[in-house]
Every structure is written in structure tokens, then in C-alpha cells.
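Data first, discussion second: the structure below is written as C-alpha cells.
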Amino acid sequence: MRKLISSHDQHGAPATYAADVNKSPFFKKDDQNYINILSSKQINTLQNTSMLDIYLSKDSIIEPHYHPNAAEVIFCIAGSATVSLMNLQTKKFQHYRITAGQVVNVPQGWWHYIFAHTADTHLQGIFDADIPEVVLGSDILTATPADVFAYSYGMDEVKWKEATEHIQPSTVIGPPANQKM
């Protein structure tokens, strides 16, 4: 039995089959560091597929994060980046340096981050979900009360607050422009 293609989506809206990802921003740090998104919100006929179109300058980082609802294939279009992911079974990081045409698969729920080695690094993150969910390290660090971290790890609460006071929620692309190294 063949599945018929409808001219409307499941909610009765006209079916869409094309979109301009450049008109769908997800996050922008500056003109060299930004991410556009393609999901079922842009093309309502997409099923179990979405994409982030990622542009990074040299030495920029996509902060540590994980996707609770999707695996991700990271495809390098241009430039060079290292994709680092923590194997959930071994609790050890694996690091993969990729250049144009190379990919890394990040299984669903694995903690990972991406570091750009060259200017004009261009990556695509391709997901097996209509809309990828993300849990950012900066959000965990800023939303959890300092006394919880201090108590959990036997740390001084004041020192924990000092160490994390400049972390901004939803950093996404770091380091912050005003960061002093």
C-alpha cells in the first residue's frame, strides 16, 4: 500500500516542502558566529529530521550540551573543528577533528561540544527529530542553586558562586566577547 502525499499537514495547514534556512535564526553571537535552524516549524512535511546550520570563527566553541530527544550527525562543510563527546558507558571523552566532508555521530543524550580551529568554519548538525531539544551546560550551571552544588561536592558555596558568577544562561557559542583570558 502506498502512502498518499497530502497537500496539507496534519493540522490542515498547506504543506510546505522548501524553506530558506538563512531566514530562520536559532542563535547569533555576532556576524561570524551564529546558528540557523531547519525543523518541522519551517517545513511542516519534515518527519524525524531537523538541522542546525552552524557558522563559527577560529577558537569559538559550541558550549557543552546534550540532546535528550535526538541523535546528531555533525557534518563539516568548510574549515576544521573538533567534536568532543563523552561516552556514557565509559565516562571518557572521545575527540574527533574533522574537516570538509567528514562527519561525527553523536548518540542521543551524549554530552558533547564543538571547537572551531579555523576561521569560517561551517558545520551542519543533522538530527533524527522534528525539533531538536537541547540542554546547555550554562543553563544547568546558572539554574541550579549554588548551595546545591556546594553541598553535593563538598565545596565552599562562596567559592562556587565566585567561580560561576560570570556564566550567562544559554551561552551557546563561547567564549563571551568580553571574556578576559
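These numbers come from the heavy atoms of this one structure, side chains and all, not from hydrogens, waters or symmetry mates. These numbers come from a predicted model, not from an experiment.
Counting heavy atoms from C-beta on, the side chains of Asp53 and His122 come closer than 4.5 Å. Side-chain contact check for Lys92 versus Asn87: every heavy-atom pair is 4.5 Å or farther apart.
A distance-only check finds no donor-acceptor pair linking the side chain of His112 to the backbone of Ser84 [under 3.5 Å]. Side-chain N or O atoms of Asn105 include none that pairs as donor or acceptor with a backbone N or O of Val73 at under 3.5 Å. Of the possible polar contacts, none joining the Gln124 side chain to the Ile74 backbone as a donor-acceptor pair under 3.5 Å is found. In this structure a side-chain-to-backbone donor-acceptor pair under 3.5 Å is present from Ser24 to Ile37. No donor-acceptor pair closer than 3.5 Å links the side chain of Thr171 to the backbone N or O of Pro169.
Taking NZ from Lys41 and OG from Ser50, the interatomic distance works out to 11.5 Å, rounded to the nearest 0.5 Å.
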(message) Working note: Ser80 + Arg97, criterion side chain to side chain contact (heavy atoms under 4.5 Å, CB included); need CA distance, chi angles, decisive distance, verdict.
(response) CA-CA 7 Å; Ser80 174; Arg97 188 171 182 139; 3.2 Å; yes
(message) Would Thr142 and Thr164 count as a side chain to side chain contact (heavy atoms under 4.5 Å, CB included) here? Give the steps.
(response) CA-CA 8 Å; Thr142 57; Thr164 60; over 6 Å; no
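Between His95 and Phe93, the angle of the ring planes stays under 30°, which puts this pair in the parallel group of the 30/60° scheme. Ring geometry for Phe149 versus Tyr153: interplanar angle under 30°, hence parallel rather than tilted (30 to 60°).
For Tyr151, the OH atom counts as loosely surrounded, since its 6.0 Å shell holds 12 or fewer non-hydrogen atoms of other residues, nucleotides or ligands. Annotation: Lys91, atom NZ; neighbour count of heavy atoms from other residues, nucleotides and ligands within 6.0 Å is above 12. Atom CZ of Phe127 has more than 12 heavy atoms from other residues, nucleotides or ligands within 6.0 Å.
Screening residues 24-45 for ring-ring contact (aromatic ring centres under 6.0 Å, His included), with sequence neighbours left out, gives Tyr34-Tyr55.
Listed by chain and residue number, nothing satisfies the salt bridge (charged side-chain N to carboxylate O under 4.0 Å, His left out) test with Asp20 (two or more places apart in sequence, or in another chain).
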